[in-house]
Amino acid sequence: MYNHEKIEAKWQKRWEEEKVFEASNDSDKEKFYYLVEFPYPSGAGLHVGHVRSYTALDAMARKKRMQGYNVLYPMGWDAFGLPAEQYAIKNHIHPSKAVEENIKTFKSQIKSLGISFDWSREIATTDPEYYKWTQWQFLKFYENDMAYKAKKEINWCPNCKIGLSNEESEGNVCERCGGPVEKREKEQWMLKMSKYADRLLEGLDKTEFLEKIKVAQVNWIGKSEGAEVDFKIKGVDDILKVFTTRCDTLYGVTFMVISPEHKFISKYENLITNIDEIKKYQREAAKKTEIERTDMTKEKTGVKIEGMMAINPVNGKEIEIWVSDYVLTNYGTGAIMAVPAHDERDYAFAKKFGIDIIPVIEGGDISKEAYTGDGKMINSGVLNGCTNKKESISKMLDYLEENKIGKRKVNYRLQDWVFSRQRFWGEPIPMIYCDKCGWNPVPYEDLPVTLPEVASYEPTDDGESPLANITNWVNTTCPKCKGIAKRETDTMPNWAGSSWYYLRYMDPHNDKEFVSKKALNYWNMVDYYNGGMEHATRHLLYARFWHNFLYDQGLIPYSEPFNKRVAHGMILGPNGEKMSKSKGNVINPDDMVKEYGADALRCYELFIGDYSMDAAWSENGLKGCKKFLDRIYRLKDKLNGSNEYTKSLEILINQTIKKVTDDLENMKYNTAVSSLMILLNELDKLEEITNKDYRTLLHLLNPISPHITEELNEMCNLGEELCKSSWPIYDENKLISETFTMVVQVNGKVRGKIEVSTDTTEEEMKKLSKEIDNVKNYIEGKEIVKEVVVPKKLVSIVVK
RNA sequence: GCCUCAGUGGCGGAAUUGGUAGACGCACAGGACUUAAAAUCCUGCGUGAGUUAAAUCACGUGCCGGUUCAAGUCCGGCCUGAGGCACCA
């Protein structure tokens with residue numbers, strides 16, 4: 001129909017040459033900041049899913065610019081990561097080379113789509129000019145006592161000799177070689193993220209994230225309020241601390257459980273008479289994987305500790321202590337008080353091992369199951385007389401604190417952030433270890449600590465980073481005593497560079513600061529941040545934590561990074577399954593651009609369905625959109641040169657302007673496209689159309705399919721380039737047509753419709769409704785009980 | 001198990017938030033143009049009854065009940081699917 005390849009290349013070139021989409025940091029205009037998650041430039045190239053979200057925000061960004069805003073819509077590369085490292089190991093080339101290639105491919109693919117990114121602000125997390133500031137920010141964490149080293153278990157593949165993330169070792173199988181994964185203890189750098197748990201919860205109120213994203217974050221943080229209670233150990237001057245949310249059930253405690261890793265076991269080895277049995281249980285627990293241990297369907301296991309008893313602080317009763325892996329080491333105190341009458345897990349354990357079950361709340365039938373409901377307290381000393389949970393808990397909390405046997409306590413599921421990776425291709429952690437002075441930060445003026453240029457990246461046998469093998473990089477001088485010292489060879493996780501990239505976009509070439517105050521003050525929060533649901537918790541929480549911390553240091557003037565967070569649905573294969581190479585259902589956007597053009601692809605991906613929902617790919621759907629653009633193209637032959645709207649379509653055109661404007665703002669792209677199709681259908685029915693009709697249609701379509709609309713606008717001499725002219729505005733007075741279809745219902749069923757004037761009064765509507773033949777059939781000879789009139793809509797008659 | 005969302009023709013999906021269910025597109029069928037095909041254009045298209053054709057009628061938004069003149073939309077109880085959390089005390 002028309003040569004889309006030529007037209008698209010022409011306009012892309014012009015936009016680039018004229019720097020049309022570059023945002024200014026020095027503008028009187030109101031700002032708007034759109035952000036899409038920057039991609040990992042994988043060897044597989046761009047996915048049609050990328051096209052969906054980039055185009056979606058592009059359409060908003062283009063519209064917003066035409067509405068007079070200074071829009072920032074940047075793009076960059078999250079380019080550290082394991083695939084590049086593995087590729088480098090295999091081919092003995094530096095990962096930066098592979099990354100460079102992939103970025104080139106991605107970039108040209110994205111450019112062929114005509115996305116209005118401001119490429120002058122392009123960044124890559126792997127660029128030393130960028131990661132210099134990532135390291136700089138790490139030093140800020142360290143300086144402020146927010147970074148520390150601790151022994152942590154990691155997933156270790158003995159075959160690949162590498163530490164794995166949880167994702168890479170799912171099912172306890174190495175994702176790379178398929179072999180079994182072990183646990184290993186290693187010293188790791190940690191960031192004190194748990195300190196920010198409450199802030200991360202409260203901060204959500206300052207955002208407009210989708211509800212499901214907020215919920216996911218709240219779950220992840222997992223705040224629970226309760227009490228820490230001290231149980232004395234019989235005959236020893238020590239206490240066993242437990243965390244409980246149900247201190248109201250303290251009188252129902254019949255045993256205690258500690259986790260297999262609890263320090264009491266080694267501490268009281270001499271006291272415990274069955275220590276061999278306990279140690280055996282410990283060893284078995286250590287062998288189990290995380291999944292095995294947390295499998296709720298499995299039977300409870302455990303061993304009773306002989307020779308050691310705890311004392312219930314509220315009634316002085318002696319209580320046995322057990323070891324079981326259903327108690328987690330890393331939550332609460334690693335020990336619990338068990339109340340089998342009112343807790344399902346404790347109940348299952350007590351039943352299995354024949355431990356007493358004492359009810360303290362009325363209700364349920366404890367011969368069958370634990371009663372977790374509310375009720376009146378019984379057998380409960382000071383709580384007797386309390387009639388509900390809330391009252392009992394509050395009374396017990398006071399009692400515990402008054403008698404100094406416990407205190408109010410809040411616990412979180414959220415843990416500190418393990419910030420080390422034993423990898424080559426990451427930001428080196430800028431720390432130096434000296435035998436005399438211990439850990440010291442690399443001085444700011446020595447940043448960045450860059451990755452060495454070597455040809456081998458094999459991991460070491462002992463699980464250290466490949467960097468540990470590169471001795472002339474590792475050996476350095478101590479910044480404090482100037483003696484011999486070694487660099488930290490761990491690198492940062494992938495999540496580091498992506499925790500602040502949106503800030504760098506504001507001021508990407510600044511070599512004095514990670515971002516200037518001026519740029520921060522101008523651009524402020526990201527207005528719209530789009531990304532997948534897979535990043536709703538981790539990435540988003542890391543970035544928020546990072547940002548909150550920088551805010552606390554006075555480095556950023558506002559505490560939350562993102563205002564709106566939106567999520568796109570996936571584009572599935574034509575068979576409705578997730579696209580994957582192995583299933584052979586991958587659609588390559590390049591092929592589609594080549595055959596149908598970027599404009600058609602963009603239009604289709606926006607038209608495909610609700611933006612937040614998954615949608616299956618359909619090439620016929622894409623063809624339909626191409627056909628739509630072809631019809632738009634052909635419509636030019638009907639131009640009559642007039643600069644007014646065609647009178648008969650004035651209302652529809654104004655309605656369409658409103659519809660498209662609102663829909664693009666609310667990410668309802670599919671209905672925006674459909675309303676343009678409706679307008680086209682109406683215009684196409686006419687013998688001739690005016691230039692103004694046509695220009696408005698092209699203008700409204702421009703954010704969706706920018707190339708062909710600009711081309712037609714120029715070809716037909718309709719005026720200034722669309723992307724440089726103001727967005728169409730509608731006339732409020734021309735949104736309502738002069739007539740409407742009045743619907744008449746009798747006893748709730750539609751019995752007639754007539755076209756009447758919009759200014760028909762309610763009385764007239766009633767009268768007219770009764771004149772319709774079919775309506776008469778239903779009301780004649782009957783008594784009218786009720787009449788409801790909805791102005792400009794319908795009349796509803798009830799007869800008896 | 002808990003939390004969040006969703007369920008509408010053959011398909012993707014609309015429906016101004018209680019007011020004509022099925023917009024728009026795809027697929028399909030029939031027709032026009034053509035030697036023919038493609039492209040394009042026109043017509044039809046929820047199911048059933050009805051009619052030469054209409055008109056018209058009944059049913060219909062996962063299932064069962066409720067509120068209302070009026071329910072895809074609100075309420076109660078289920079079923080199914082997707083996602084998040086999960087032995088978190």
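Letters go in sequence order (proteins before strands), and every chain restarts at 1.
Put simply, A:Asn777 has no side-chain N or O that comes within less than 4.0 Å of OP1 or OP2 on B:C57. At the phosphate of B:A14, OP1 or OP2 sits under 4.0 Å from a side-chain N or O atom of A:Asn670. Neither OP1 nor OP2 of B:G13 sits under 4.0 Å from any side-chain N or O of A:Ser674. Distances shown here put every side-chain N or O of A:Tyr326 at or beyond 4.0 Å from the OP1 or OP2 atom of B:A89. For A:Lys786, a side-chain nitrogen or oxygen approaches OP1 or OP2 of B:C69 to under 4.0 Å. Of the side-chain N and O atoms in A:Tyr778, one or more sit less than 4.0 angstrom from OP1 or OP2 of B:C57. Distances shown here put a side-chain N or O of A:Arg631 below 4.0 Å from the OP1 or OP2 atom of B:C41. Look at A:Lys627 and you'll find a side-chain N or O under 4.0 angstrom from OP1 or OP2 of B:C26. Phosphate proximity of B:U20 to A:Arg751: absent, as no side-chain N or O sits under 4.0 Å from OP1 or OP2. In this structure, A:Asn620 reaches the B:A27 phosphate: one of its side-chain N or O atoms is under 4.0 Å from OP1 or OP2. Dashed line: the shortest gap from a side-chain N or O of A:Lys241 to OP1 or OP2 of B:A89 is not under 4.0 Å.
Considering only side-chain atoms of A:Ile336, the nucleotide from B:A89, B:U20, B:U16 that sits closest is B:A89. Of the candidate nucleotides B:C41, B:U4, B:A89, B:U4 has the atom lying nearest to any side-chain atom of A:Lys212. Taking the side chain of A:Val215 as heavy atoms from C-beta on, and the options B:C85, B:U4, B:U40, the nearest nucleotide is B:U4. Listed nucleotides: B:U20, B:A14, B:A89. Nearest to the side chain of A:Asp610: B:A14. Distances from the side chain of A:Lys753 to the nucleotides B:U20, B:C85, B:U56 place B:U20 closest. Distances were taken from every side-chain heavy atom of A:Asn219 (C-beta onward) to each of B:G12, B:A15, B:C85; the shortest belongs to B:C85. Comparing B:A89, B:C69, B:A14 by their nearest atom to the side chain of A:Val788 picks out B:C69. In the set B:C85, B:U16, B:G12, B:G12 carries the atom at the smallest distance from any side-chain atom of A:Phe607. Closest to the side chain of A:Met677, from the set B:G25, B:A21, B:A89, is B:G25. Which of B:G19, B:A21, B:U40 sits closest to the side chain of A:Val750 comes down to B:A21.
Ion pairing between a basic and an acidic side chain is recognised when a charged N comes within 4.0 Å of a carboxylate O; A:Lys626 and A:Glu619 show no such pairing. The pair A:Arg631-A:Asp684 counts as a salt bridge, with a side-chain nitrogen and a carboxylate oxygen less than 4.0 angstrom apart. A:Lys214 and A:Glu211 are not joined by a salt bridge, as no carboxylate oxygen comes within less than 4.0 angstrom of a charged side-chain nitrogen. Looking at A:Lys223 and A:Asp198, a side-chain N of the basic residue comes within less than 4.0 Å of a carboxylate O on the acidic one, giving a salt bridge.
Remark: the backbone N or O of A:Gly621 is paired with a side-chain donor or acceptor of A:Ser618 at under 3.5 angstrom. A donor-acceptor pair is defined here as one N or O able to donate and one able to accept, closer than 3.5 Å; no such pair exists between the side chain of A:Thr249 and the backbone of A:Gly252. Listed for the A:Thr758 side chain is a donor-acceptor partner under 3.5 Å among the backbone atoms of A:Glu738.
Two residues, A:Phe243 and A:Gly748, neighbour RNA chain B, and the one matched to the more 5' nucleotide by heavy-atom proximity is A:Gly748. Residue order along RNA chain B, read from the 5' end via each residue's closest nucleotide, puts A:Lys659 first among A:Ala216 and A:Lys659.
The interatomic distance linking A:Lys800 (NZ) with B:C69 (P) rounds to 13 Å, in whole Å. Remark: P of B:G25 and CD1 of A:Ile632 are 12 Å apart, rounded to the nearest angstrom. Note: NZ (A:Lys409) to C1' (B:A89) measures 14 Å, nearest angstrom. Between the NZ atom of A:Lys749 and the C1' atom of B:U56 there is a distance of 14 Å, rounded to whole Å.
B:A32 and B:U17 have their C1' atoms separated by 44 Å, with the value rounded to a whole Å. Nucleotides B:C28 and B:C11 place their C1' atoms 11 Å apart, quoted to the nearest Å. Here the separation of B:A21 from B:C26, taken at their P atoms, is 26 Å to the nearest Å. When the C1' atom is used for both B:U43 and B:A53, the distance is 15 Å, rounded to whole Å. Across the C1' atoms, B:G66 and B:G83 are found 31 Å apart, a figure rounded to whole Å.
In this structure, A:Ser618 reaches neither bases nor backbone, as no heavy-atom distance under 4.0 Å exists between it and the strands shown. Within 4.0 Å of A:Gln745, counting heavy atoms only, lies at least one base atom of the nucleic acid. Across all strands shown, A:Val746 has no heavy atoms under 4.0 Å from either base or sugar-phosphate atoms. If you check every strand for non-hydrogen atoms under 4.0 Å, A:Ile678 touches sugar and phosphate atoms only. Within 4.0 Å (heavy atoms only), A:Lys223 reaches no atom of the nucleic acid at all. Using a 4.0 Å heavy-atom distance criterion, A:Gly332 is classed as making no nucleic acid contact.
Outside the 6.0 Å centre-distance limit, the rings of A:Tyr669 and A:Phe607 are not counted as a close aromatic pair.
Applying the 90° criterion around 0 to the glycosidic angle, B:U17 comes out syn. With its glycosidic angle more than 90° from 0, B:G50 is assigned anti.
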